[in-house]
Amino acid sequence: MAAVLKHWREAATLILVAKSDKLVPNATSGGGALHLEGVNAELSQYNYKMLMLKRSTKSKFMPNMYVFPGGIAEDADFSAEWLDLYRKFGESESGELLRQLTAVGPGPPMFSRTRSPEFEQIPSELAFRICAIRETFEESGVLIARSIEDKSGLNQDFPKKPICGKCLPLKTSVTEEWRARVDKNPDEFINMCRTLEVIPDVWTLSEWANWLTPLTLSNKAAPRRYDTAFFICVVDHIPDAMQDNNETVHLQWVAPDTVLIEFTRAGGGLAPPQVYEICRLLHFPKLGDLHRFAWERASTHRVKEYFPVVVGCEDGVMVVYPGDELYPDKPDREVEHPVRTIECSVADLPEKFPIMNRMIVGGEQYWVSTSAGDGHVIPDFQHEVMTSKPSRSKL
């Protein structure tokens, strides 16, 4: 199989952000678990919203958590038939696409590793973008695709200037039919594209992050580990969307500050990678600034693999990420080892080991003073939505 390894499976997820013009002060709701259904998503200092989905309590991975749309990569995402479809779109456009995907150099292992010959005909960079778009369609009904005739934005300025993703509007009956077919068989996604004469708008997906689940934090009885590519796509309006009521039970367009206020109030409901990446977004109240940053960074840097490593100290446990001075030079990604321990209290960590990219387990307190060297912004864990006590007033 194209994306199945001994210790984990490969996956892709999409941070889909859409323009929203209203800018008003923040507020929060009352006590209890993270519950975005009752949140007024207009109460935000940000002029855009993200698509978030709540996983079912029956999910085997991250049950009852809010996540970005995404899922496991399938053999169909690596099919050479996609090359034929992109060539029909245009030889110059498809050629420029394939060049741009790898122009910055090799990416982390999930992008650069050797695969079986039948899955090596298209770049992993293309396959994982197709996966992210397919999974977003399955889980939300939002199809990031363009008509086979639509080459807007792919002119002489591409890829110098950022372009917005295309949300292709379909009749409800058509969306429901193809969502069901693609969910049952991923091979149906390319059949759908041929039938509807559309093509996944991979040009508008920028690499954002790469997270690999550590064995230490997975289910020991039945470990589920994923090497996941995070992409970001900006669209100029909020498209119609609906959860699938299978893997996901609720869908919400929500601003970064709003979801983090709710997370802080509830004390949970988001996995560490989601918290970490949303806190990066806090640097960008304006969608145009976020879009330019993501686009320009992707043109100069590949993402760096974030593989969390557990380190014990005298009175606590922390997880360290790349860039932290306690992060090992060559972390063992495949085998669980005894947790490394250091002679230091939690309180003394910042003074004794000040180059920080870490999370203190228990209180989920993040200390970050450095980047991983991949051109990314440092998450803003000192933002007021992460440090202030939330009010208890109902919206």
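- Of the N and O atoms on the side chains of N357 and Y276, at least one donor lies less than 3.5 Å from an acceptor on the other residue.
- Looking at K166 and D150, a side-chain N of the basic residue comes within less than 4.0 Å of a carboxylate O on the acidic one, giving a salt bridge.
- Under the 3.5 Å distance criterion, the side-chain polar atoms of K54 are left unmatched by any main-chain donor or acceptor of G269.
- Under a 3.5 Å cut-off, the side chain of E207 and the backbone N or O of V303 do form a donor-acceptor pair.
- To the nearest 0.5 Å, atoms CZ (R225) and CG (D227) are separated by 9.0 Å.
- Side-chain rings of H7 and Y226 stay apart, their centers remaining 6.0 Å or farther from each other.
- Between F189 and F137, the ring-plane angle classifies as tilted under the 30° and 60° cut-offs.
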Evaluation steps, salt bridge (charged side-chain N to carboxylate O under 4.0 Å, His left out), between E10 and R115: CA-CA 12 Å; E10 292 169 330; R115 302 179 190 274; 2.7 Å; yes
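- Considering all non-hydrogen atoms of both residues, P239 and C167 come closest at CG-SG, 3.8 Å.
- Using a 4.5 Å cut-off on side-chain heavy atoms (C-beta onward), F128 and F78 make contact.
- Ion pairing of K171 with E177 is absent here, as no side-chain N (NZ or NE/NH1/NH2) approaches a carboxylate O to less than 4.0 Å.
- Using a 30° and 60° split on the angle between ring planes, H291 and W295 fall in the perpendicular class, above 60°.
- Atom CE of M192 sits about 13.0 Å away from atom CG of D187, to the nearest 0.5 Å.
- Atom CD1 of residue I148 and atom CD of residue E197 lie 7.5 Å apart, to the nearest 0.5 angstrom.
- With respect to D289 and R292, a salt bridge is recorded, a charged nitrogen being found less than 4.0 Å from a carboxylate O.
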V317/V311 under side-chain contact (heavy atoms from CB on, under 4.5 Å): CA gap, chis, key distance, verdict: CA-CA 6 Å; V317 176; V311 177; over 6 Å; no
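- Side chain to side chain, E188 and W178 fail the donor-acceptor criterion of an N or O pair below 3.5 Å.
- When atom types are taken as modelled, the side chain of Y46 and the backbone of L282 share a donor-acceptor pair closer than 3.5 angstrom.
- With hydrogens and angles left out, the side-chain atoms of R302 and T102 include no donor and acceptor closer than 3.5 Å.
- The CZ atom of F230 lies 6.0 Å from the OG1 atom of T228; values are rounded to the nearest 0.5 Å.
- Under the 4.5 Å side-chain contact rule for hydrophobic residues, V377 and I355 do not share a cluster.
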Audit row: V17, C233, side-chain contact (heavy atoms from CB on, under 4.5 Å) steps and yes/no: CA-CA 6 Å; V17 292; C233 178; over 6 Å; no
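- S206 is not listed as a side-chain neighbour of F231, based on a closest heavy-atom distance of 4.5 Å or more.
- Of all heavy-atom pairs spanning A73 and R9, the tightest one is O-NH2, 3.7 Å.
- By the 4.5 Å heavy-atom criterion applied to side chains, R358 and Y327 are not counted as neighbours.
- S140 and L251 get closest at one heavy-atom pair: CB-CD1, 3.7 Å.
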Pair S20-N47, side-chain contact (heavy atoms from CB on, under 4.5 Å): steps then yes or no: CA-CA 5 Å; S20 174; N47 74 339; 5.9 Å; no
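- Under a 3.5 Å cut-off, the side chain of T13 and the backbone N or O of P69 do form a donor-acceptor pair.
- With hydrogens and angles left out, the side-chain atoms of W203 and Q100 include no donor and acceptor closer than 3.5 Å.
- No continuous path of hydrophobic side-chain contacts links L101 to V104 [ILVMFWY only; heavy atoms under 4.5 Å].
- Counting only heavy atoms from C-beta outward, the side chains of D244 and E138 never approach each other to under 4.5 Å.
- Here the closest heavy-atom approach between residue L85 and residue V198 is recorded as CD2-O, 4.0 Å.
- Here the side chains of M386 and V275 are in contact, with some heavy-atom distance below 4.5 Å.
- Between the E74 side chain and the P186 main chain, no donor and acceptor come within less than 3.5 Å of each other.
- At a threshold of 4.5 Å between non-hydrogen side-chain atoms, the residues Y48 and F284 count as touching.
- F381 is connected to L270 through a chain of hydrophobic side-chain contacts under 4.5 Å among Ile, Leu, Val, Met, Phe, Trp and Tyr, so both are in one cluster.
- Around NZ of K151, the count of heavy atoms belonging to other residues, nucleotides or ligands within 6.0 Å exceeds 12.
- Between D201 and R146, at least one side-chain nitrogen of the basic residue sits less than 4.0 Å from a carboxylate oxygen of the acidic one, meeting the salt-bridge criterion.
- Proximity of a side-chain donor or acceptor of S369 to a complementary backbone N or O of M356 within less than 3.5 Å is detected.
- Between F307 and W8, a ring centre-to-centre spacing not shorter than 6.0 Å is recorded.
- A heavy-atom distance below 4.5 Å is found between the side chains of P123 and L126.
- With contacts defined as side-chain heavy-atom distances shorter than 4.5 Å, the pair K160/S299 does not qualify.
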Working for side-chain contact (heavy atoms from CB on, under 4.5 Å), residues L205 and I232: CA-CA 6 Å; L205 271 63; I232 189 167; over 6 Å; no
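- Of all non-hydrogen atoms in A372 and P322, the two that sit nearest each other are CB-O, 3.6 Å.
- A salt bridge does not link E176 with R179: none of the charged nitrogens is closer than 4.0 Å to a carboxylate oxygen.
- A salt bridge links R333 with E305: at least one charged nitrogen is closer than 4.0 Å to a carboxylate oxygen.
- Using a cutoff of 4.0 Å between basic side-chain nitrogens and carboxylate oxygens, E81 and R194 are scored as salt-bridged.
- Under the 4.5 Å side-chain heavy-atom criterion for grouping Ile, Leu, Val, Met, Phe, Trp and Tyr, I238 is not connected to M242 through any hydrophobic cluster.
- Under the 4.5 Å side-chain heavy-atom criterion for grouping Ile, Leu, Val, Met, Phe, Trp and Tyr, I342 is connected to I360 within one hydrophobic cluster.
- Around atom CD of E314, more than 12 heavy atoms belonging to other residues, nucleotides or ligands sit under 6.0 Å away.
- Within the model, atoms CZ of R265 and CG of L260 stand 12.5 Å from one another, a figure rounded to the nearest 0.5 Å.
- Put simply, the side chain of S371 gets close to the backbone of G373: a donor and an acceptor are under 3.5 Å apart.
- W253 places no side-chain N or O within donor-acceptor distance of the main-chain N or O of M52, the cut-off being under 3.5 Å.
- In terms of modelled atom types and a separation under 3.5 Å, the side chain of T204 and the main chain of I163 share no donor-acceptor contact.
- Looking at H376, its side chain does come within 3.5 Å of a backbone N or O of W208 through a donor-acceptor pair.
- For the side-chain hydrogen bond (donor to acceptor under 3.5 Å, both in side chains) with Y66, the lone residue among E262, H250, R55 that qualifies is H250.
- A salt bridge does not link D77 with R129: every distance from a Lys NZ or Arg NE/NH1/NH2 to an Asp or Glu carboxylate oxygen is 4.0 Å or more.
- L143 contributes atom CG, which lies 8.0 Å from atom CG of L196 (distance to the nearest 0.5 angstrom).
- The two atoms that bring V310 and V319 nearest to each other are CG2-CG2, 4.3 Å, heavy atoms only.
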